[in-house]
2 protein chains.
Amino acid sequence: MSVATVKYYLREGLLAPGTPVTARQSEYGEEHLRRLRLIRALLTVGGMTVQQARDVLAVADDPAFGRHERLGIAQYMLGPRITPPEESDPRRELWDEVFAELRELLTELDWRVYDEAPPLAALTRAVVTLRSLGYEGGIDHIRRYALAMHPIAAEEYAVLDRYPVLEEAIEATVAYTTLYEPILLALRRLAHEDVSARLHGTARSQPPPTPGEPLSSS
Amino acid sequence: MSVATVKYYLREGLLAPGTPVTARQSEYGEEHLRRLRLIRALLTVGGMTVQQARDVLAVADDPAFGRHERLGIAQYMLGPRITPPEESDPRRELWDEVFAELRELLTELDWRVYDEAPPLAALTRAVVTLRSLGYEGGIDHIRRYALAMHPIAAEEYAVLDRYPVLEEAIEATVAYTTLYEPILLALRRLAHEDVSARLHGTARSQPPPTPGEPLSSS
DNA sequence: CCTCCAAGGATAGTTCAGCTATCCATCAGC
DNA sequence: GCTGATGGATAGCTGAACTATCCTTGGAGG
């Protein structure tokens, strides 16, 4: 990573400035290196924008919040920020309908989440999109997913709760929340591959064509 | 969506040109609209790049492959394309170590996947990153995730197998694979929120601060 | 004490993706 | 024949994430 990039992160507020020893020299410690590694991880593996990373890390660093607030807020900042369509938008009706169904599901599952939770908006949008395309976006599917995810989330939370030092817990929250996402998605796809191979053993008996380049025909 | 954008998608090969009725007029049908909706969904909800969307849709349209190949290849094209570090790269050692562990896990689970499967590279990178940051990237965690995902993947595959018309099945594969990802991730975060609220009921008793704007202090 | 140059800071430039706007030629319809 | 919407090509725009340059400063070697 180049010096210019580090300067850029400093400018953008992702990285705290070192304590200036003199006017022309600042001191950077081990925590700066860790932070830099975390930033790179968020941007590359986590696929976050610099904006998002800044906001998340700002909360993580903000002593104005207590432990659980900081963990919770960090969570809130992590995902994409979806806003519902305008009142006037014709798609709003479908949105409201889906949102109501999802709320009902959450009530049924007895999940204690806020109506304003960003992931709920993201969930609503995804389901709305699926249905708009004419695909199965039924609540039964969602319920199955939800039931599969809950124990995993509980497990993860237990891991996070074991960090005694708040700063480390925050950073761990950010890291786990973000970096386990690609893991989850990759495993889903590997599972697809296995299911596919299992159902029709002959398919893809040879290594599949290399992706990345446009395919031969077409 | 503006006409200019549609032209752009045509140029980029995401959308098949209509059959030219005359030199100054082409005919677009219902399938073009569906394709456009799918493209928008892949780009916005799915978070894909135009490049990726093009490649995936190219396979979906390519009659040179059979049903299962096309489903499989589409899967392969969908995810991010990760390449392992160079042989010379010092991080390569860790990469190989993690990769070997993951292979072993997959063998233990009896999942039939290729060593070259892109999701496997993505998985490896995520685990490598976690460990590089000093976090828990143990195989036991991964196994738990894998066991949770497999039945879900099987269920999804069953849904896809019910599409009789190949073209529809392909498009459905792309749609489901991509659009269920944000659903999965959103549910994981909602589950986190529930677990957190459950463990310390007082935390976040008031609606959390609005994300999107820089917070007050900090 | 003077010079030198590495580090800090500011500013402008670069690259790429994803659009967006303009221009021009064409030809169905009046 | 004239018009004007449409297709096609080309160039421009915007934002994100860097990257390169320049200028300033002040401690260290001489």
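Keep in mind that this is a model prediction, so the values were computed, not measured. All heavy atoms count here, side chains included; hydrogens, waters and symmetry mates do not. Chain A is the first sequence line, chain B the second, and so forth, proteins listed ahead of strands; every chain is numbered from 1.
Legend: residues meeting salt bridge (charged side-chain N to carboxylate O under 4.0 Å, His left out) with A:E136, ordered by chain and number and at least two apart, are absent. Qualifying side-chain contact (heavy atoms from CB on, under 4.5 Å) partners for B:A169, counting only residues two or more places apart in sequence or in other chains: B:R67, B:Y163. With sequence neighbours excluded, the residues forming a salt bridge (charged side-chain N to carboxylate O under 4.0 Å, His left out) with A:R188 are B:E156, listed by chain and number. For A:E12, there are no side chain to side chain donor-acceptor pair (under 3.5 Å) partners, not counting sequence neighbours. Partners of A:R11 under the salt bridge (charged side-chain N to carboxylate O under 4.0 Å, His left out) rule, at least two apart in sequence or in another chain, do not exist in this structure. With sequence neighbours excluded, no residue satisfies side-chain contact (heavy atoms from CB on, under 4.5 Å) with A:E31. With sequence neighbours excluded, the residues that form a side-chain contact (heavy atoms from CB on, under 4.5 Å) with B:V165 are B:E167, B:E168.
Within residues 36-44 of chain A, no residue has a heavy atom under 4.0 Å from DNA chain C.
Going from atom CG of A:L10 over to atom P of D:dT19 covers 15 Å, rounded to whole Å. The separation between A:Y9 atom OH and C:dG8 atom P is 18 Å, rounded to whole Å. Residue B:M48 contributes atom CE, which lies 18 Å from atom C1' of C:dC19 at whole-angstrom precision. Across the protein-nucleic acid pair, B:L15 atom CG and D:dG8 atom P stand 12 Å apart, rounded to whole Å. Between B:D55 atom CG and C:dA17 atom P the separation is 13 Å, expressed in whole Å. One atom, CD of B:E12, and another, P of C:dC19, lie 10 Å apart when rounded to the nearest Å. Note: CZ (A:R54) to P (D:dG15) measures 15 Å, nearest angstrom.
Judged as a salt bridge (Lys or Arg N to Asp or Glu O under 4.0 Å), the pairs with a partner in residues 176-185 of chain B (not counting sequence neighbours) are, in order, A:R189-B:E181. Judged as a salt bridge (Lys or Arg N to Asp or Glu O under 4.0 Å), the pairs with a partner in residues 36-52 of chain B (not counting sequence neighbours) are, in order, B:E30-B:R37.
Between the side chains of A:S132 and A:T129, not a single donor N or O lies within less than 3.5 Å of an accepting N or O.
Direction change of the helix axis from one end of the helix from C:dC1-D:dG30 to C:dC30-D:dG1 to the other is 30°, with five pairs defining each end axis (rounded to 10°).
Minimum heavy-atom separation, B:A53 to B:L43: CB-CD2, 4.2 Å.
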Under 3.5 Å, which protein N or O atoms sit close to an N or O of nucleotides 20-22 of chain C? Give each pair with its distance.
residue, atom, partner, partner atom, Å
C:dT20, OP2, B:T5, OG1, 3.0
C:dT20, O4, B:R11, NH2, 3.1

